[in-house]
Amino acid sequence: MTESNALTRDAHAPAAGVAARDFASSLHSLLEITRAVRSGADVGSVLDASARVVAETLGFHTVVLNVYRPEWDDFYVANVHGSDAVREALLGSVYDWDSWTPLLDPRFLRAGAYFIPNDAFDWSGHSGSRFVPEGGPTVDGADGWHPNDELFVPLERSDGTILGIMSFGEPVDGRRPDDEQLAVAVALASHAALALEAAQERTRFDRHQTGLQQLLRVSSQLPQTMSTEAMLTSVCEGVSEALEFDKVLIQLLDEETGLLKPAAAAGWEDKDVEAMAVLELDLISRLFEPQFEVAGCYLVPRAEAEPRVGPTQVVYRSVMNGRGPHAWDHHWLVVPLIGTDGAVLGVLWADEPRTRLLPNEHVLQALRVFANHAMEALAVATQLEETRFLADHDPLTRLLNRRALLEELGAAAEECELKPLALVFLDVDNFKEINDNHGHATGDRVLARFATLLGELVRSDDRAFRVGGDEFALLLCGATEKEARDVVARIVAAVEANIDPLVRTLNASFGVATSKARTDPQKLLRIADEAMYQAKRSGTRIEVAA
């Protein structure tokens, strides 16, 4: 080795050693940020670690993280590493795109970063908050950092969309960065951006997991909950807690009126729920268009929704709105509740997202699953209610049955101890002929219509029962013998005038038992039954027991 070569090698050794140390320091910094992410740190902790590590590695007293807020389409100063003065001046500041666009100009771009020298930009017309340290450059010459210099590095997601902007100030050595330092700053900022993206994704994942747990909780409750309202309320609360909507409402269709009646809610005031009772399914169905459908949900912008449904259906407008292309802005989000036959039986509304953002497809998929659970809950509740109903009702005529008659007769006998009580037994004499001549299906239809007449013609406090085949009973609390005869007369007249010709052919025999004092229910039942058979045998149509 020649002397000159040796001298050359020795001259380069210090520089190479510094470069190696800088490289090692940068790697150590990257690993520290990575550890923060892998340890499950939240977004705030990742921001703290990123700002501190970048500041220490690059040698800046101040590092500011401006995080993009898609719900507002702006930038929020979420973290400031620096002095109390700079933290007080900048932390919590908000900048819109108009503030950043002139700063991120290609003429300021160097090595992937935007460096704006003191005299290269007129800050007098800039609207954003700034912190400019007092004094002048601490290093003389062109490479001395001026307090009015600015250095920015955009933070991008893995898909290239903006995540935030990192800004730097007050270099420790008092010098403006060269291109190599800027390249390192860009590399560290890129890693910090990936870490922040990962933390945000973890937050979304945790929220999704919470949603799944909530779904499982609702699913496990379905067989246990004993009322429709309780089941549907559980679904509404699940949507609110898991998917972060402050207001959730389930409405069911009233087939007679075509209106959507509130059935369960979470987060709504009673007066607001009542106001929703004017919604008409025919009008709301105009939102169910393919261009608005995602995962079985319909997310409709206000400008599209309100003209479609008309002014009568605009009874509430969102409060938790944002700005920008990804923000919730008075949108309508409705999920149809569809029965097994494909008919819409109701709707689920979700409003006021706490994020102020439009829900993504994963959220809408979960919302659709919750809506399906609402239908399952409704089916389970309907089945339970039908089971309870059939415990004391006749499945064909829907009138109370013999079991219910015995219970209510006992209760009525006690309640009406000081008032008259009438029990009417009746038998449709020629019902067998209708079955024989027209078939049992027709016979069932005629019997059901006859039962409907009985239910409509008794007084509001009275009860009608089907006690067997073609035998019925009427419990008339507070009725005298004359009032019982009047009820029978109304029934006979209604049968004779009925629009159905087969109903008009029905002949019935009536037996009436009355009591003015407490009477054993079984005895009163036997007396009315015997009076009915006496009327049948004598052909008098009605027989009143003495």
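Classification of D73 and R323 as a salt-bridged pair fails, no side-chain N sitting under 4.0 Å from a carboxylate O. With salt bridges taken as basic N to acidic carboxylate O contacts below 4.0 Å, none links R356 and D329.
Residues meeting the ring-ring contact (aromatic ring centres under 6.0 Å, His included) test with F389, sequence neighbours left out: H393. Under the rule for a ring-ring contact (aromatic ring centres under 6.0 Å, His included), F510 has no partner lying at least two apart in sequence or in another chain. Residues meeting the side chain to side chain donor-acceptor pair (under 3.5 Å) test with E197, sequence neighbours left out: S158. N79 meets the side chain to side chain donor-acceptor pair (under 3.5 Å) test with D48; sequence neighbours excluded. With sequence neighbours left out, Y298 forms a ring-ring contact (aromatic ring centres under 6.0 Å, His included) with F288. Every residue two or more places apart in sequence or in another chain that forms a side chain to side chain donor-acceptor pair (under 3.5 Å) with N372 is listed here: R368. Considering only residues two or more places apart in sequence or on other chains, W72 meets the ring-ring contact (aromatic ring centres under 6.0 Å, His included) condition with none of them. Shown here are the side chain to side chain donor-acceptor pair (under 3.5 Å) partners of R317, two or more places apart in sequence or in another chain: E306.
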Output a table of donor-acceptor pairs, distance under 3.5 Å, between side-chain atoms of residues 453-480 and any protein atom two or more places apart or on a different chain; print 'none' if there are none.
from : atom 1 : to   : atom 2 : distance (Å)
R459 : NE     : D462 : OD2    : 2.6
R459 : NH2    : D462 : OD1    : 3.1
R459 : NH2    : D462 : OD2    : 3.4
R459 : NH2    : C477 : O      : 3.2
D462 : OD2    : R459 : N      : 3.2
R466 : NE     : G469 : O      : 2.9
R466 : NH1    : D394 : OD1    : 3.3
R466 : NH1    : D394 : OD2    : 3.1
R466 : NH2    : G469 : O      : 2.7
E471 : OE2    : Y533 : OH     : 3.0
T480 : OG1    : E483 : N      : 3.3
T480 : OG1    : E483 : OE1    : 3.4

Donor-acceptor list for residues 421-432 side chains, cut-off 3.5 Å, not counting sequence neighbours:
from : atom 1 : to   : atom 2 : distance (Å)
D427 : OD2    : K536 : NZ     : 2.4
D429 : OD1    : S509 : OG     : 3.2
D429 : OD1    : K536 : NZ     : 2.3
D429 : OD2    : S509 : OG     : 2.8
N430 : OD1    : N507 : N      : 3.0
N430 : ND2    : T505 : O      : 2.6
K432 : NZ     : D436 : OD2    : 2.8

Show every donor-acceptor pair shorter than 3.5 Å between a side-chain atom in residues 254-262 and any protein atom, with sequence neighbours excluded, or say none if there are none.
from : atom 1 : to   : atom 2 : distance (Å)
D254 : OD1    : E256 : N      : 3.0
T257 : OG1    : L259 : N      : 3.2

Sequence neighbours excluded and cut-off under 3.5 Å, please list the side-chain donor-acceptor pairs for residues 274-287, or say none.
from : atom 1 : to   : atom 2 : distance (Å)
S285 : OG     : L281 : O      : 2.7
R286 : NH1    : R308 : O      : 3.1

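The local environment of CG in D159 is crowded, with over 12 non-hydrogen atoms from other residues, nucleotides or ligands closer than 6.0 Å.
Remark: the Q251 side chain and the W349 side chain contain an N/O donor-acceptor pair separated by less than 3.5 Å.
Here the side chains of Y316 and D351 are in contact, with some heavy-atom distance below 4.5 Å.
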